[in-house]
Amino acid sequence: MAERSATVVVAATANPHKLAEMNAVFHGAIELLPRPAHVPEVVEDADSFVGNARLKARSIVAATGRAALADDSGLEVDVLDGAPGVESAYYGGGDHDDAANRARLLEELAAVADEERTARFRTVFVLARPDGSEVVAEGTCEGRIGHIERGSEGFGYDPLFIPSDSDGRTFGEHTAAEKNAISHRSRACHALLAALRA
Ligand code: ITT
């Protein structure tokens, strides 16, 4: 039987952690070409993950004329009505200042008891094509927010996020392979692969 050929897309992300996680799960089934250096960062001003992922993917399609894959993702904390959500990257005031983002989150939750610290990571992919068509896929990972930072693996909010599907360690204390087995991003990757096969 002939092997199915890989889908080749330009990666919209400028975040090397995301890229590494995606490549580990796609394992070549989707080949990610590097984001061209000349493409300016898009202003992510949509009010939803899918809206921002579409903005990012479409800007790459416009600049390259090729299909592009964008991931917009973030953390939704129930007691904060879903915040930081689409503001996850700059919740602490800076731009992608992970330490400041985590510090603000701990501050907002200072008086919140364990059972009310439920949260989830969400990833939404938009694969946009030059003909205007697109494929959307999503993945979530349920968990809760710890009281202190633990571990130095991963990125962003990982040292504070304790996934429900594991043993009480934060994502910061999971190896890359362990995180990829249960993460929102890997679930979104599998959903995207399934949608492309359908
Ligand atoms: P691109 O837009 O270039 O893809 P980005 O880092 O700006 O990269 P987002 O706009 O989607 O990505 O912001 C996502 C933020 O949410 C990110 O900066 C982290 O703070 C957080 N985040 C997303 N996925 C995460 C994960 O797997 N672990 C920890 N934090 C995560």
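For ligands, and for the atoms within them, numbers begin at 1 and follow the listed sequence.
- A donor-acceptor contact shorter than 3.5 Å links the side chain of N52 to the backbone of A46.
- Less than 4.0 angstrom separates some heavy atom of N15 from each of these atoms of ligand 1: 3 (O), 6 (O), 8 (O).
- Residue contact check for ligand 1: H184 places a non-hydrogen atom closer than 4.0 Å to it.
- At least one N or O atom of A14, backbone or side chain, sits closer than 3.5 Å to an N or O atom of ligand 1.
- H96 and N101 form no side-chain donor-acceptor contact under 3.5 Å, judged by distance and modelled atom types alone.
- Note on E138 versus R122: salt bridge recorded, some NZ/NE/NH1/NH2 to OD/OE distance being below 4.0 Å.
- Scanning all protein heavy atoms for the shortest distance to atom 7 (O) of ligand 1 gives H96 NE2, 2.5 Å.
- At the shortest separation from atom 1 (P) of ligand 1 among protein heavy atoms lies T13 OG1, 3.5 Å.
- The number of heavy atoms from other shown groups lying within 6.0 Å of CG (D47) does not exceed 12.
- Using cut-offs of 30° and 60° for the angle between ring planes, the F171 and F121 rings count as parallel.
- The distance from ligand 1 to the heavy atoms of S88 drops below 4.0 Å at these ligand atoms: 15 (C), 16 (O), 20 (O).
- A salt bridge is absent between R144 and E116: the closest approach of a Lys/Arg side-chain nitrogen to an acidic carboxylate oxygen does not fall below 4.0 angstrom.
- With a 4.0 Å heavy-atom cut-off, ligand 1 is reached by the backbone of F155 and by its side chain too.
- The main-chain N or O of I60 is never found under 3.5 Å from a side-chain atom of R35 such that the two would form a donor-acceptor pair.
- Between R187 and D165 there is a salt bridge, since a side-chain N of the basic residue sits under 4.0 Å from a carboxylate O of the acidic one.
- For the ligand labelled ligand 1, residue G154 lies outside the 4.0 Å heavy-atom shell.
- Short contacts between ligand 1 and K56, defined as distances under 4.0 Å to a heavy atom of the residue, involve ligand atoms 1 (P), 2 (O), 4 (O), 9 (P), 10 (O), 11 (O).
- Here the protein heavy atom with the shortest distance to atom 28 (N) of ligand 1 is D158 OD1, 2.7 Å.
- With salt bridges taken as basic N to acidic carboxylate O contacts below 4.0 Å, none links D131 and R129.
- Taking the charged nitrogens against the carboxylate oxygens, K56 and D71 have no contact shorter than 4.0 Å, which rules out a salt bridge.
- Of the N or O atoms in N101, none lie within a sub-3.5 Å distance of an N or O in ligand 1.
- Nearest protein heavy-atom neighbour of atom 24 (N) of ligand 1: R185 NH2, 2.9 Å.
- Proximity to Y157 (heavy-atom distance under 4.0 Å) selects the following atoms of ligand 1: 20 (O), 21 (C), 29 (C), 30 (N).
- Atoms of ligand 1 lying under 4.0 Å from any heavy atom of D72, numbered from 1 in the order shown and given with element: 9 (P), 10 (O), 11 (O).
- Classification of the F155-H17 ring pair by plane angle, with boundaries at 30° and 60°, yields parallel.
- Taking every heavy atom of G74 and a limit of under 4.0 angstrom, the matching atoms of ligand 1 come to 16 (O).
- Set against the non-hydrogen atoms of E44, the atoms of ligand 1 under 4.0 Å away are 2 (O), 10 (O).
- Here is the list of ligand 1 atoms found below 4.0 Å of a heavy atom in K18: 1 (P), 4 (O), 5 (P), 8 (O), 9 (P), 11 (O), 12 (O).
- No part of H17 comes within 4.0 Å of ligand 1, judged by heavy-atom distances.
- Proximity of K179 to ligand 1 is established by a heavy-atom distance of less than 4.0 Å.
- If you check the side chains of S166 and H174, you find a donor sitting under 3.5 Å from an acceptor.
- Looking at A89, S73, P16, it is S73 that brings a heavy atom closest to atom 14 (C) of ligand 1.
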